Amino acid sequence: MSTIRITNTLAREKQVFEPIDPANVRLYVCGPTVYDRAHIGNARPVVVFDTLFRLLRHVYGAGQVTYARNITDVDDKIITAARENGEPIDDLTRRTTEAFHADMGALNALKPSVEPCATQHIDDMIALIQRLVATGHAYAAEGHVLFSVPSDPAYGQLSRRDREEMIAGARVEVAPYKQDPADFVLWKPAADGEPGWDSPWGRGRPGWHIECSAMSAKHLGETFDIHGGGQDLIFPHHENEIAQSHCGTDGQFARYWMHNGYLVVHGEKMSKSLGNFFTVKELLDAGWAGEAIRLVLLSAQYRQPLDFNRDKLADATANLDRLYTALRNTADVETADGGPPPALTDALADDLNTPEALAQLYEAGHALNKATGADAKARAKAELQAGGRLLGLLEQDPEAWFKGAGDDAEAAEIERLIAERTQARRNKDFATADKIRDDLKARGIVLEDGPEGTTWKRER
RNA sequence: GGCCCGGUGGCAGAGUGGUGAUGCAGGGGACUGCAAAUCCCCGCACGUCGGUUCGAUUCCGGCCCGGGCCUCCA
């Protein structure tokens, strides 16, 4: 069994991963707030932790891993967006959730084991808040319930900052009902027309952080293995989750914290507030393959910043072309049994070193191209496919990759022209043969003559 | 101001105390009617100044540059 090492943000160092229960490895990742289409910055953690999920399933067994990723469907931004659109909140959150699923599906992300919605867990959140109030870690004030940061001596362990600093650097106005400037909201009153639930503190809605504490405890237990998310969630979101959970439950909460780096554009962080983002949908509509987007996201190690641009998409597309070419050329070879190249698994097990894993995947593709003899080809093909599967790549039919979703009539016409050209070539009528090839090229169809005949693909 | 990350060949991007990343682009060759694809070969890089060391891109310290967080954010 491979030893997995991960960089634990709690310790700021790479540690050997030891699951609490190898028969049920538990992973929680912060999911989207469903008010708007996902941009590729949102897609990065999805793809990164999907790859971790695949690795964990490979190492511990597909049935031995529970992956929870929440949907935040109650939030100020949702209320604002719904108001601006003149759309009922339920419609907005349902529509956005569906779009999120479609976009992440296009990136070949597996579905998490469980995808809890905040609005389905209000009772759990209220119960957790009650317990925090009862133990003196929270207090009610003016219809709000606030977490008392001074009540938690361990507060700040994840983000490595102390309270004085936070207060000194605070850039928000301190609400008058706070006992301490660092205190944060667990529950807030709902205005008329806003979503709200009855609670011991009146009609209201939960604060942002409490949902993850409540839902992870419910679906994974009060102590679980890995909690993941973007670096920008370290503070305050994850810091506050830790405070709520360890003060409000008996468990120690997540044992390993993993945080992915930002996506950047021209060196600057991509974010909705800066407006310098592309949505996944825009990229797909522009003709980029979801698989190519995924490959770009895997091309840098997850903790590093990643500059996302068209050159990288083109690069990734070319790389996939090469690997799918190897698979296409061995379409008649039956795949042998066997797993991914050990070096590829080792690379992933080393804190998800996806660039190294990809280098191993390219090596596997190269090996398949060079393999001679049925057995060697079958083994090489197995390694390439299994390696691809571990990374969430190369899972489609090569013909589909190259030909896209064209209609049958067009495909038949192309085949007819290829036959015509083959005949011309037999007759040494190269002028006709080249004209057919050039005409098709002008239509974006590229022909390749091989020993087994001529194949075609769509230019990207 | 406090706290975090980074600075690797034309580009992207791993890694390492002393020989190899890998991909793209580029050059040469094989194959091909010509291409394409594929295969073979090639450039030998680590911000800066010191320190440790037989030896540092890799460890330590200073400096310069870039990015991020400090309660909207993946």
Side-chain angles (χ1 to χ4, degrees), chain A residues 9 12 29-33 35 38-49 75-77 80 149 156 159-162 164-174 181-185 207-209 228-237 239-240 259-264 266-274 277 295-296 299-301 303-307 309 311-312 314-319 321-322 325-326 328-329 347 350 353-363 365-366 368-370 425 428-431 433-434 437-438 441 446-451 454-457:
Chain A
T9 308
R12 302 282 149 112
V29 175
C30 291
T33 301
Y35 69 104
H39 67 69
I40 39 174
N42 304 119
R44 189 176 194 188
V46 173
V47 167
V48 163
F49 292 107
D75 175 271
D76 289 355
K77 289 196 290 290
T80 306
V149 168
S159 57
R160 304 233 162 149
R161 61 188 84 211
D162 63 39
E164 316 307 320
E165 285 165 11
M166 284 182 296
I167 294 161
R171 63 183 182 189
V172 290
E173 249 177 274
V174 177
D183 292 350
F184 58 90
V185 170
W208 174 35
H209 316 295
Q231 235 162 39
D232 45 359
L233 296 182
I234 293 175
F235 190 87
H237 185 52
E239 194 69 73
N240 292 352
H259 291 98
N260 62 274
Y262 300 114
L263 235 67
V264 298
H266 303 307
E268 269 196 323
K269 180 184 170 186
M270 178 184 290
S271 71
K272 288 192 175 168
S273 41
L274 287 175
F277 61 90
L295 181 51
V296 172
S299 67
Q301 206 267 353
R303 282 182 290 107
Q304 301 303 326
L306 171 63
D307 210 312
N309 55 54
D311 286 351
K312 283 189 175 146
D315 226 47
T317 304
N319 277 315
D321 275 342
R322 192 157 37 82
T325 297
R328 180 189 228 186
N329 291 341
D350 182 15
N353 188 341
T354 50
E356 176 63 30
L358 289 170
Q360 296 301 330
L361 190 71
Y362 299 146
E363 181 52 44
H366 187 59
L368 178 56
N369 281 329
K370 284 179 68 173
R425 290 176 71 213
K428 306 273 188 217
D429 179 5
F430 296 121
D434 290 352
R437 186 169 64 191
D438 292 344
K441 168 97 167 136
V446 179
L447 301 190
E448 290 174 10
D449 301 328
T454 300
T455 57
W456 64 273
K457 66 184 180 191

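Predicted model only: the values in this text are computed from it and were never measured. Chain identifiers are assigned alphabetically (A, B, ...) following the order of the sequence lines, protein sequences preceding nucleic acid strands; residue numbering begins at 1 within each chain.
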Handout entry: Salt bridge A/Asp434-A/Arg437, side-chain N to carboxylate O under 4.0 Å
Key = yes
Exercise for the section: Describe the nucleic acid contact of A/Ala318 in one word from base, sugar-phosphate, nothing, applying a heavy-atom distance below 4.0 Å. Expected result: nothing
Handout entry: Nucleotide nearest A/Arg437 (side chain, heavy atoms from C-beta), chosen from B/C34, B/U38, B/G33
Key = B/C34
Practice task
Check every strand shown and say whether A/Gln304 touches a base, only sugar-phosphate, or nothing at a heavy-atom separation below 4.0 Å.
Solution key: sugar-phosphate
Handout entry: Minimum-distance nucleotide to A/Glu448 side chain [options: B/A74, B/C39, B/A37]
Key = B/A37
Practice task
May I ask you to test the A/Gln231-A/Tyr262 pair for a side-chain heavy-atom distance under 4.5 Å?
Solution key: yes
Handout entry: B/C63 and B/C72, which share atom name P, separated by this distance in whole Å
Key = 33 Å
Problem - Sugar-phosphate, base or nothing in reach of A/Leu263, heavy atoms under 4.0 Å - result: base
Fill in the blank from the handout: Taking B/G23, B/A74, B/U71 as options, the one with an atom nearest any side-chain atom of A/Phe184 is B/U71
Fill in the blank from the handout: Sorted by chain and number, sequence neighbours left out, salt bridge (charged side-chain N to carboxylate O under 4.0 Å, His left out) with A/Asp350 holds for A/Lys14
Handout entry: Phosphate-side-chain proximity, A/His366 and B/C40, N/O vs OP1/OP2 below 4.0 Å
Key = yes
Problem - Pairwise P distance for B/C44 and B/G20, with rounding to whole Å - result: 12 Å
Exercise for the section: Using the P atom as the reference point in each nucleotide, state the distance between B/C59 and B/U16 in Å, no decimals. Expected result: 9 Å
Completion exercise
Regarding the side chain of A/Asn369, the nearest nucleotide among B/G13, B/U71, B/U38 is B/U38
Exercise for the section: Report yes if at least one side-chain N or O of A/Lys370 is closer than 4.0 Å to OP1 or OP2 of B/C40; otherwise report no. Expected result: yes
Fill in the blank from the handout: Given Watson-Crick and G-U pairs under 3.5 Å, RNA chain B in dot-bracket ([ ] crossing, | other strand) is (((((((..(((.....[...))).(((((.......)))))....(((((..]....))))))))))))....
Exercise for the section: Just compare B/G68, B/A14, B/A74 and give me whichever is closest to any side-chain atom of A/Pro355. Expected result: B/A14
Handout entry: Polar side-chain contact A/Arg12-B/C4 base: donor and acceptor under 3.5 Å
Key = no
Exercise for the section: Determine whether any donor atom in the side chain of A/Lys77 lies under 3.5 Å from an acceptor atom in the base of B/C73, or the reverse, and answer yes or no. Expected result: no
Problem - base_contact_polar (B/G23 base, A/Arg322 side chain, donor-acceptor, <3.5 Å) - result: no
Problem - Separation of the P atoms in B/G51 and B/C65, to the nearest angstrom - result: 23 Å
Exercise for the section: Select one nucleotide: of B/C34, B/A21, B/C24, the one nearest the side-chain heavy atoms of A/Arg425. Expected result: B/C34
Practice task
Pick the C1' atom in B/U8 and in B/G13, then give their distance to the nearest Å.
Solution key: 9 Å
Problem - Touch class at under 4.0 angstrom, heavy-atom based, for A/Gly229 against every strand present - result: sugar-phosphate
Problem - Among B/A37, B/A21, B/U71, the nucleotide that comes nearest once only the side chain of A/Ala359 is considered - result: B/A21
Problem - B/G68 base / A/Asp232 side chain donor-acceptor hit below 3.5 Å - result: no
Exercise for the section: Could you work out the separation of B/G66 and B/C31 based on their C1' atoms and round it to a whole Å? Expected result: 47 Å
Practice task
Return no unless some side-chain N or O of A/Asn353 is found under 4.0 Å from OP1 or OP2 of B/G15.
Solution key: yes
Exercise for the section: May I ask you to say what A/Gln301 touches in the nucleic acid, namely base, sugar-phosphate or nothing, with a heavy-atom cut-off under 4.0 Å? Expected result: sugar-phosphate
Problem - Integer angstrom distance from the C1' of B/C46 to that of B/G7 - result: 10 Å
Practice task
Could you check whether A/Leu447 gets within reach of a base, just the sugar-phosphate, or nothing at all, counting any heavy atom under 4.0 Å?
Solution key: base
Practice task
Just call it for A/Asn260: base, sugar-phosphate, or nothing, with non-hydrogen atoms closer than 4.0 Å on any strand.
Solution key: base
Practice task
Using the P atom as the reference point in each nucleotide, state the distance between B/U19 and B/C34 in Å, no decimals.
Solution key: 43 Å
Problem - Base B/C34 paired with A/Asp449 side chain (donor-acceptor, <3.5 Å) - result: yes
Exercise for the section: Using a heavy-atom cut-off of under 4.0 Å over every strand shown, decide if A/Asp311 touches base, sugar-phosphate, or nothing. Expected result: nothing
Practice task
Give a yes/no on whether any side-chain N or O of A/His237 is located under 4.0 angstrom from OP1 or OP2 of B/U71.
Solution key: no
Completion exercise
Of the listed B/A36, B/A21, B/A12, the closest approach to the A/Lys312 side chain comes from B/A12
